[in-house]
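Everything on this sheet refers to the single structure shown next.
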2 protein chains.
Amino acid sequence: MIDPLDVRIIELFTEQPRIGVLEASRQLNVARGTVQSRLDKLVATGVIRSFAPAVDHAALGFRVTAFAFLDIRQGARGAVAEHLDRIPEVLEAHTITGQGDLICRIVARDNDDLQRVIDDLVGDTNVVRISTVIALADVVEPRILPLVRTAEQ
Amino acid sequence: MIDPLDVRIIELFTEQPRIGVLEASRQLNVARGTVQSRLDKLVATGVIRSFAPAVDHAALGFRVTAFAFLDIRQGARGAVAEHLDRIPEVLEAHTITGQGDLICRIVARDNDDLQRVIDDLVGDTNVVRISTVIALADVVEPRILPLVRTAEQ
DNA sequence: AGAAGGCTATGCAAACTGTATAGCTTTCGC
DNA sequence: GCGAAAGCTATACAGTTTGCATAGCCTTCT
C-alpha cells in the first residue's frame, strides 16, 4: 500500500507543509522527481485527500464542541440529512449501529449558543430524541500520523 | 474576526489548495501582497492551523470507523491518556460530560480488526467499561466552510 | 533473458516567492 | 475637522521552484 518513503513524505509535509517538493527531496535525500511522483500517486490513490488548510473552529469563536446522538423517525434519514446539512455548526454526522440513529459533531460559541444549536437540531420533527455530551478536554489530539506509520508496507 | 475576503481566501485554498498566492490574488482580484498578508494573519491568529495534507484512513485500508465510550477509574485519566496515545487506531479522544468519561474515535481495517482494537482499549485495567458504536454512513461529510462563512464579520 | 517499473540526474523555460518601497484611501481617536 | 495608523494597490528584482522531458541504471516480475 504505502512504503517507508511515502510515510516520510507524509510526515514531512505534515510537519512542514509549505516546504515544497524540492526542499523535501533534499531533506529526504531522494531525487525531486521521486517526491513529485510519490506525491502524485498518494493523491491519485486517495491516501492524501487534500492539501486544504485546516481551520480551527475555536479560533473562529466556536469554543464548545459537543457530540449529539439523534433518534430519528424511521425512513426520515434523507430529510434529517438535509436538515443537518443546513446547520453550519454540524461539522460531521454519521449513522451508527446500536441505540440512537445518528451521531453528530457540533460546535457552538459557548454553552448558551450550544442550546441554540440543539434547539435547531430538534426543530426537525423527524428528530425524535436527542442527547448531547459536551467535549471537555482533548485527551488525544486529532492525529493520523501514528496510523500512517502502521499502514506502512 | 474574519471578513469576507478572508472567507474567500479560505474557500479558494480549500477548493484549490495548490493554487499559490499569485494565482489566488488573480482570482480574487486583489493584490498579491494582500492575499499574502491575509494568509499570514490567518495563520498567526490560529484560524488556519496548518496546511498539512489530509490523509484518508480508508485509503490506507482502515475502512471501519467507530466511536468508543469509555468509563474509566477515577483519577486514572492520565494513565488512560497515555494508553490511548499508544494505540495508533485512536484518532482522537475527548473527555465528556454526562455518563461515560471519554469518547474516542477509532478506526480499524474491518470488523474483526475492530475487535482487536477494542481488546487493546480494554487491556488497560483503568478502563472499567467500554461501549462502541460503528459508524455506517457519512450523513454529513466532515466540513468547516459553512461554519467559516457564518463566522464572517 | 527480456520487459516493465521505479529512481537518479540533468536541463530549461516559465512561473512563483520573498521582500521592499511608494502612493492612495479609509478608518479611528482626539 | 485633522493627523496618525492601517490596509490595499502597484511595482520591482533577485533567487528559487515548478512543470515537463529525457536518458541511464537497477531491481523485480514473467
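The sequence lines fix the lettering, A, B, ..., with proteins before strands; numbering per chain opens at 1.
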**Item:** ring-ring contact (aromatic ring centres under 6.0 Å, His included) between B:F69 and A:F67, worked out
**Value:** CA-CA 12 Å; B:F69 304 87; A:F67 293 90; 8.2 Å; no
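Distance, B:I2 CD1 to D:dG7 C1': 17 Å, rounded to whole Å. Taking atom CG of A:L28 as the reference point, atom C1' of C:dA9 lies 17 Å away to the nearest angstrom. Per the geometry, CZ belonging to A:R8 stands 13 Å off P belonging to C:dC7, to the nearest Å. When the C1' atom of C:dT17 is taken as reference, atom CD of A:E23 falls 14 Å away, rounded to whole Å. The CG-C1' distance, from B:L39 to C:dC16, rounds to 14 Å in whole Å. Distance CD1 (B:I9) to C1' (D:dG7): 13 Å, rounded to an integer number of Å. Computed from coordinates, the B:D40 CG to C:dA20 C1' distance equals 15 Å when rounded to whole Å. Here the P atom of nucleotide D:dA6 and the CG atom of B:D3 are 17 Å apart, to the nearest Å.
Annotation: cation-pi pair B:R109/B:F62 present, NZ/CZ under 6.0 Å from the ring centroid and within 45° of its normal.
Distance from the side chain of B:L22 is smallest to C:dT17 among C:dT17, D:dT9, C:dA9. Side-chain atoms of B:R26 lie closest to C:dC16 of the nucleotides C:dC16, D:dT18, D:dT9.
B:H94 places no side-chain N or O within 3.5 Å of a backbone atom of A:A66 that could act as its donor or acceptor partner. With hydrogens and angles ignored, the 3.5 Å screen pairs a side-chain donor or acceptor of B:T95 with a backbone N or O of A:A137.
In terms of phosphate contacts, B:R32 brings no side-chain nitrogen or oxygen within less than 4.0 Å of OP1 or OP2 of C:dA20. Distances shorter than 4.0 Å separate none of the side-chain N or O atoms of A:Q36 from OP1 or OP2 on D:dT18. Checking the phosphate oxygens (OP1, OP2) of D:dT9, a side-chain nitrogen or oxygen of B:T34 falls inside 4.0 Å.
Within 4.0 Å of A:R18, counting heavy atoms only, lies no atom of the nucleic acid at all.
For the helix from C:dA1-D:dT30 to C:dC30-D:dG1, the angle separating the two terminal helix axes comes to 60°, with each axis derived from five pairs and the value rounded to 10°.
Of the charged side-chain nitrogens involved, none lies within less than 4.0 Å of a carboxylate oxygen, so that A:R77 and A:D101 do not count as a salt-bridged pair. Electrostatic pairing of B:R143 and A:D85 counts as a salt bridge here, judged by a charged N lying under 4.0 Å from a carboxylate O.
The CG atom of A:L84 sits 6.0 Å away from atom CG of A:L70, with the distance rounded to the nearest 0.5 Å.
Contact annotation: side chain of B:R38 to base of D:dG7, donor-acceptor pair absent below 3.5 Å.
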